[in-house]
Amino acid sequence: MNDLKGAGRSQPSHLVTGPILPTLVALAAPNVLALGVLSLVAIAETSYIGLIGTEALAAMALVFPMIMLTQMMSSGAMGGGVSSAISRALGDTVRARVLAMHALVIGSGAGLAFSAIFLTGGAGLYALLGGTGGVLVEAIGYSAAFFSGALSIWLYNTLHSIVRGTGNMRISSAVMICGGLAQIAIGGGLSLGLGPLPQMGLVGVAIGQLAASGLGALFLLWYLTRGPSRLKLGFAGVSLDRALFVDILKVGALACLSPLQSIIVVLILARLVASYGTHALAGFGIGIRLELLLVPIAFAIGVACVPMVGMAIGAGNSIRARRVAWTGAGLSGSLIGVIGVVFSLWPQLWAGLFTEAGPVMMAAEDYLQIAGVGFPAYGFGLCLYFASQGSGKILGPVLAGSVRLVVVGLGGLVVLATDQPFTMLAMLVAAGMFAYGAATALFVWMTRWGPAKP
């Protein structure tokens, strides 16, 4: 692709020269608003499922980590690799356009692979995690409905990542808000059978998710091909190039290990909780859903860091890139820390949204009171992970995820072997979060990001 070098040079961006905190807040604000709406979507969906029954809540606890894995890999991990590559190439708009087309090829292949994996192996996985009887039946149906459309999820998030790589957060956020509202309406109507719609339970929730992502993907595709996008997509004159796949995958593929490790942590905990019974599993599902909703908040700030870090690295200014990363991490840790304190002190504010069943409520409250203490460290580390994608140096934050996995894995074996109470699992979750935040900070501090000055 040597013919692409030097073509289509763009002017320096305010993302490279503007004051860090105000610029970062301006970029992150639309993301925070959009992901706040998506948090309302998650609350609404869990409310629907709570109305369906305890078995449905327990089934959600088994399947939701797999859905989050899909979202985290397609938007935060591989999506981060896409945004990073495009932001570093924006000085050469032709190369950036070709990179975007390669990203869509990667997203299409990954979406089809996810469908194949979970449609063929989902039933065995949920049984292995402790699903039995009606819970297992509900989980299999929910999973099959969602993963039949994994391609639309991957394309939707890949297109978002392309737009965010150009530094345009507003369009991406507006589409997410509209998609979230559509998801609430469609998923709620189909799951509960409102009006003339059929009552489809968990399958209706999945259809709402797929419909919203499909409509959003169509709009983003129009925006990037015929709309006023800074970067124009088109297959004309584009040929696949191994070097450009490598440019995306050297960050994205490695970054995918981090959400995989996070989900393995959740699955280990879910398997342990299943031994305490259906009520405990349902309560854990309510609690862990809050934890997983913290990821979008850190993502909202971290993804705003990616183009700022990437463009600073592209300009040869690693000092500014690091300042962006640390500033974003501090902001993320503070916001998520406030959430942790609130729900640790008043867990019923969250648990009461989804259930009135005494045993389920008790399990959810026990979990949140203890695990919430670790939220600030988790938010700090997560934002550093996303920000590091802009530098192209992601190995350290991924290794930090391995540290957390080891803490939870070994601790889980001890809890299982010594027949500890449910609250010990929550303590293990908090310990893992602190280990993750500290390890991420250490690895980023030790990693060289490139030249110090432009």
Side-chain angles (χ1 to χ4, degrees), residues 41-73 111 113-150 152-153 183 186-188 190-193 198-211 213 259-260 262-293 354-355 357 359-360 363-364 367 425:
V41 173
I43 293 171
E45 286 183 346
T46 308
S47 299
Y48 305 153
I49 296 169
L51 292 174
I52 297 170
T54 299
E55 283 191 344
L57 278 172
M60 179 199 71
L62 296 177
V63 181
F64 186 65
M66 301 300 102
I67 293 176
M68 282 301 298
L69 176 65
T70 308
Q71 298 284 9
M72 291 161 68
M73 278 195 173
F114 266 64
S115 288
I117 291 169
F118 286 101
L119 290 178
T120 58
L125 173 62
Y126 305 129
L128 181 64
L129 293 174
T132 58
V135 172
L136 181 58
V137 172
E138 292 269 19
I140 292 172
Y142 184 24
S143 177
F146 178 84
F147 285 105
S148 64
S152 69
I153 301 293
Q183 187 173 329
I186 298 171
L190 290 175
S191 64
L192 300 176
Q199 185 175 356
M200 302 178 71
L202 288 174
V203 172
V205 174
I207 292 174
Q209 294 170 318
L210 297 179
S213 64
L260 181 60
S262 296
I263 296 304
I264 290 174
V265 167
V266 173
L267 295 181
I268 290 172
L269 292 170
R271 183 64 186 89
L272 292 170
V273 173
S275 64
Y276 292 89
T278 299
H279 290 116
L281 184 59
F284 170 76
I286 291 172
I288 202 69
R289 187 140 193 165
L290 175 62
E291 178 186 327
L292 292 175
L293 285 177
F354 312 115
T355 184
V360 177
Y367 178 85
L425 292 177

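Numbering of residues begins at 1 and proceeds along the displayed sequence.
- Side chain of Ser191 to main chain of Gly187: a donor-acceptor pair is present (N/O by atom type, distance under 3.5 Å, no hydrogens or angles).
- In this structure, CG in Leu202 is found 5.0 Å from CD1 in Ile49, a value given to the nearest 0.5 Å.
- Heavy-atom minimum distance, Ile153 versus Gln71: CG2-OE1, 3.8 Å.
- When the side-chain hydrogen bond (donor to acceptor under 3.5 Å, both in side chains) test is applied to Ser115, no partner is found at least two apart in sequence or on another chain.
- Note that CZ of Phe114 is 9.5 Å distant from CZ of Phe146, once rounded to the nearest 0.5 Å.
- Summarising the geometry, atom CE belonging to Met73 is positioned 4.5 Å from atom CG belonging to Leu260; distances are rounded to the nearest 0.5 Å.
- A donor-acceptor pair is defined here as one N or O able to donate and one able to accept, closer than 3.5 Å; such a pair exists between the side chain of Ser213 and the backbone of Leu210.
- Pairing each heavy atom of Ala150 with each of Gly111, the nearest pair is CB-O, 3.5 Å.
- From Leu192, atom CG reaches atom CD1 of Ile52 across 6.0 Å, with rounding to the nearest 0.5 Å.
- Going from atom CD of Glu138 over to atom CG of Leu62 covers 11.0 Å, rounded to the nearest 0.5 Å.
- Here the shortest heavy-atom pairing between Ala211 and Ile186 reads CB-CD1, 3.9 Å.
- Shortest non-hydrogen contact noted between Tyr126 and Ser143 is OH-OG, 2.8 Å.
- The nearest pair of heavy atoms linking Ile140 to Ala123 is CD1-CB, 3.6 Å.
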side-chain contact (heavy atoms from CB on, under 4.5 Å) between Glu45 and Met60, intermediate numbers included: CA-CA 10 Å; Glu45 286 183 346; Met60 179 199 71; over 6 Å; no
Verify side-chain contact (heavy atoms from CB on, under 4.5 Å) between Phe147 and Thr70, making sure each step is shown before the conclusion. CA-CA 9 Å; Phe147 285 105; Thr70 308; 3.2 Å; yes
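- When all heavy atoms of Ala127 and Leu136 are compared, the pair lying nearest together is N-CD1, 3.7 Å.
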